[in-house]
K.L.:
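Sharing a structure, written as structure tokens. Questions coming.
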2 protein chains.
Amino acid sequence: MLSRGLPQGAVPKLERPGPLRERVYEALLELITTRALRPGQHLVESELAGHLGVSRQPVREALQRLNTEGWVDLRPAQGAFVHEPTEEEADQLLTVRTLLEAEAARLAAAHGGPSGVEALEELCVKGERAVLADDVDGAVAANAEFHAKVMELAGNAVLAELAAQVDRRVRWYYTPVARQRGKQSWIEHRELIAAISAQDERRATDVMRAHTEHTRRTYHERERG
Amino acid sequence: MLSRGLPQGAVPKLERPGPLRERVYEALLELITTRALRPGQHLVESELAGHLGVSRQPVREALQRLNTEGWVDLRPAQGAFVHEPTEEEADQLLTVRTLLEAEAARLAAAHGGPSGVEALEELCVKGERAVLADDVDGAVAANAEFHAKVMELAGNAVLAELAAQVDRRVRWYYTPVARQRGKQSWIEHRELIAAISAQDERRATDVMRAHTEHTRRTYHERERG
DNA sequence: CGATTGGTTATTGTCTACAGTTTACCCATA
DNA sequence: TATGGGTAAACTGTAGACAATAACCAATCG
């Protein structure tokens, strides 16, 4: 046995490149979310392949996945187009997001132990510090971490998977908006922690619902920037 | 113009083959859901390709999609394996299903008009007839139609998409169970229609939640067949 | 002058071939 | 007999080539 001498976490996990399609997928997702590839734009496989220095095959596979996840529309015999978000769809996504996050909050209140609450508090502190320091990117990142942690405490992998997808797309739609409401958001997070800590499922659900609904209203009022 | 002489609906819409990957995808999904391909089984691309009379490429693309939707696990450099459902995962899926269906019921109660209620009643009659005639397959189909209709009335495409995926996987897990509870199910459907008709969001939610939770309990008690 | 038809080009859909990895088996050896 | 290495087979990952299809544009006919 070689158990001895291999301190559990210290294994370097030697960086394997992994399947190309994965990296292409992430690259394209990055390009889409950063608006480098604009909505409605026609994505030509050979161009992307050449630009990324790979063959068409991995690009195709990445596009297929992006299609099933709603990032691109794959018209048969015509190619891939970056999905064009409509007002209606954004609203529907926000509705679903509210639903999933609220349920996650409920489950977190039900099954989340003291250690989970502690982790949430740490993340909350981190986010509040970022807000005070005017570190917008840091605050956004902390926010994502916070929600991810709540989802983790919920202990429902299926729910987490769906929420992750919906969240990313929501973020795509209203990225510019997200930066506005920084401080208020963390106050609400505090309330959520309190509810989870008290194992008050009902209150956790309501707080989270109010929280995400709040961002939804912010979205709809963004016109008059 | 040749509009004249081409009676609008009479055009046979000649069957376009469509992308091969689509047909391969559907074929594989059929094979999986019917248990022809057993959970845990190693799917060899070349075998499937030969068996379906196509090359490996469409098979690969179909497998990728099945992977993102949770039907197969795609281990790098090793291939595709039919996903093995665990007890825990089935439970999580049922939880999420309850959540999504309940929300759909609420939205249906909110936005669904009288015409929608009428359509639901028709489907309900259809299902009840099937039950009385001991037409199990017919009852199951009508049940699916009923839920799909509720989802349609909800008018949220994103929600519908997620629910469709979750529903199919749920059905995969507890297909044998579903056949049992026929009659009771349609009584509950009647209650749901009443709630939607009254535009009582709260009651519609509760009824649907009770309904799906009921099937969940049936699932967990299936051992002692 | 407009509509339609035919050709042209660019892009996707599919197939075949090759390289890289993993797995399993077999044999040699302590 | 158990262990270790080494080899071989099978499969996946990637690349490149070919065929098919759809959009685009010009030329022709009414």
Side-chain angles (χ1 to χ4, degrees), chain A residues 1-6 11-28 31-32 37-38 40-68 71-84, chain B residues 1-6 11 13-28 31-32 37-38 40-68 71-83:
Chain A
M1 294 279 233
L2 39 67
S3 312
R4 202 163 50 104
L6 279 186
V11 186
K13 277 252 181 80
L14 50 95
E15 288 288 341
R16 264 198 269 180
L20 259 197
R21 56 167 176 260
E22 289 291 331
R23 289 186 288 177
V24 173
Y25 165 80
E26 286 167 22
L28 289 181
L31 289 175
I32 290 177
L37 298 176
R38 310 266 282 281
Q41 183 172 345
H42 186 188
L43 302 180
V44 179
E45 294 177 358
S46 38
E47 277 183 24
L48 297 175
H51 194 270
L52 296 173
V54 299
S55 112
R56 272 180 53 207
Q57 181 94 352
V59 174
R60 277 183 69 82
E61 297 180 351
L63 287 176
Q64 310 256 345
R65 180 167 169 193
L66 290 170
N67 176 43
T68 70
W71 293 101
V72 306
D73 298 323
L74 215 48
R75 286 188 255 176
Q78 188 170 355
F81 295 78
V82 179
H83 181 72
E84 300 199 52
Chain B
M1 291 277 235
L2 41 65
S3 312
R4 201 164 50 105
L6 279 187
V11 186
K13 275 264 179 74
L14 52 95
E15 288 288 341
R16 267 200 259 176
L20 259 196
R21 55 165 177 263
E22 289 290 331
R23 289 186 287 177
V24 173
Y25 165 80
E26 286 168 20
L28 290 181
L31 290 174
I32 291 176
L37 298 176
R38 309 267 282 282
Q41 183 171 344
H42 184 191
L43 303 180
V44 179
E45 294 177 358
S46 37
E47 277 184 24
L48 296 176
H51 194 270
L52 295 173
V54 299
S55 112
R56 273 179 54 206
Q57 181 101 348
V59 175
R60 278 182 69 81
E61 297 180 352
L63 287 176
Q64 310 255 348
R65 179 166 169 193
L66 289 170
N67 176 43
T68 69
W71 294 101
V72 306
D73 298 323
L74 215 48
R75 287 187 252 174
Q78 188 170 358
F81 297 77
V82 179
H83 181 73

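Chain letters run A, B, ... following the sequence lines, proteins first and then strands; every chain starts at 1. All heavy atoms count here, side chains included; hydrogens, waters and symmetry mates do not.
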K.L.:
What distance separates A:Arg65 CZ from A:Tyr25 OH, expressed to the nearest 0.5 Å?
P.N.:
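Taking CZ in A:Arg65 and OH in A:Tyr25, the distance rounds to 4.0 Å.
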K.L.:
At what distance, to the nearest 0.5 angstrom, does NE2 of B:His51 lie from CG of B:Leu28?
P.N.:
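Separation between the atoms: 10.5 Å.
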K.L.:
List the atom of A:Val24, the atom of A:Leu52, and the distance in Å for their closest heavy-atom pair.
P.N.:
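What the structure gives for the nearest pair is CG1-CD1, 4.0 Å.
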K.L.:
Could you check how far CZ of A:Arg23 sits from C1' of D:dG13, rounded to whole Å?
P.N.:
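Rounded to the whole Å, the gap is 12 Å.
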K.L.:
For nucleotides 5-10 of chain C, read 5' to 3', which letter fits each nucleotide if B means a protein heavy atom sits under 4.0 Å from the base, S means only the sugar-phosphate is that close, and - means neither?
P.N.:
------
K.L.:
Looking for any heavy atom pair under 4.0 Å, which part of the strands does B:Leu43 touch: base, sugar-phosphate only, or nothing?
P.N.:
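B:Leu43: backbone/sugar contact only, no base atoms under 4.0 Å.
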K.L.:
Using a 4.0 Å cut-off on heavy atoms, which residues in residues 71-84 of chain A reach DNA chain D? List them by number, or say none.
P.N.:
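Residues of residues 71-84 of chain A that come under 4.0 Å of DNA chain D are, in numerical order, A:Ala77, A:Gln78.
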K.L.:
What is the distance, rounded to the nearest whole Å, between atom CD of A:Gln64 and atom P of C:dT12?
P.N.:
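Atom-to-atom, A:Gln64 to C:dT12, this comes out as 12 Å.
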K.L.:
Which atom pair, heavy atoms only, marks the closest approach of A:Leu63 to A:Leu74?
P.N.:
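In this case the closest contact between A:Leu63 and A:Leu74 is O-CD2, 4.5 Å.
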K.L.:
Atom NE2 of B:His42 to atom P of D:dA10: distance rounded to whole Å?
P.N.:
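Checked: the NE2 to P distance equals 14 Å.
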K.L.:
Rounding to an integer number of Å, can you tell me how far B:Asn67 CG sits from D:dT12 C1'?
P.N.:
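Rounded to the whole Å, the gap is 14 Å.
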K.L.:
Quick check for you: to the nearest 0.5 Å, what is the distance between A:Leu66 atom CG and A:Asp73 atom CG?
P.N.:
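Answer rounded to 0.5 Å: 11.0 Å.
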K.L.:
Tell me: CD of B:Gln41 to P of D:dC11, nearest whole Å?
P.N.:
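It is 13 Å, rounded to the nearest whole Å.
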K.L.:
Keeping to residues at least two apart or across chains, list the salt bridge (Lys or Arg N to Asp or Glu O under 4.0 Å) pairs with something in residues 40-54 of chain B.
P.N.:
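Found B:Glu45-B:Arg56, B:Glu45-B:Arg60.
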K.L.:
Just checking, is any N or O donor in the side chain of A:Gln64 or B:Gln64 under 3.5 Å from an acceptor N or O on the other one?
P.N.:
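No, B:Gln64 and A:Gln64 have no side-chain donor paired with an acceptor closer than 3.5 Å.
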K.L.:
Do B:Gln78 side-chain atoms and B:Arg75 backbone N/O form a donor-acceptor pair below 3.5 Å?
P.N.:
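Checking the backbone N and O of B:Arg75 against the side chain of B:Gln78, no donor-acceptor pair under 3.5 Å is found.
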K.L.:
Roughly how many Å is it from CZ in A:Arg60 to C1' in D:dT14, rounded to a whole number?
P.N.:
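To the nearest whole Å, that distance equals 14 Å.
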K.L.:
Let me confirm one number: the CD1-CZ distance from B:Ile32 to B:Arg38, rounded to the nearest 0.5 Å.
P.N.:
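It comes to 13.5 Å.
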K.L.:
Quick one: ring pair (Phe, Tyr, Trp, His ring centres under 6.0 Å) partners of A:His42, sequence neighbours excluded?
P.N.:
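For A:His42, the residues satisfying ring pair (Phe, Tyr, Trp, His ring centres under 6.0 Å) (neighbours in sequence not counted) are A:Phe81.
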K.L.:
Holding to side chain to side chain contact (heavy atoms under 4.5 Å, CB included), I want the full list of residues that pass it with A:Glu26, two or more places apart in sequence or in another chain.
P.N.:
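For A:Glu26, the residues satisfying side chain to side chain contact (heavy atoms under 4.5 Å, CB included) (neighbours in sequence not counted) are A:Glu22.
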K.L.:
Using the 3.5 Å cut-off, write out each protein N or O paired with an N or O of nucleotides 15-18 of chain C and the distance between them.
P.N.:
| from | atom 1 | to | atom 2 | distance (Å) |
| --- | --- | --- | --- | --- |
| C:dC15 | OP2 | B:Ser55 | N | 2.9 |
| C:dC15 | OP2 | B:Ser55 | OG | 3.2 |

K.L.:
If I take atom CD in residue A:Glu47 and atom C1' in nucleotide C:dT11, what distance separates them, rounded to the nearest angstrom?
P.N.:
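Computing the A:Glu47:CD to C:dT11:C1' distance gives 10 Å.
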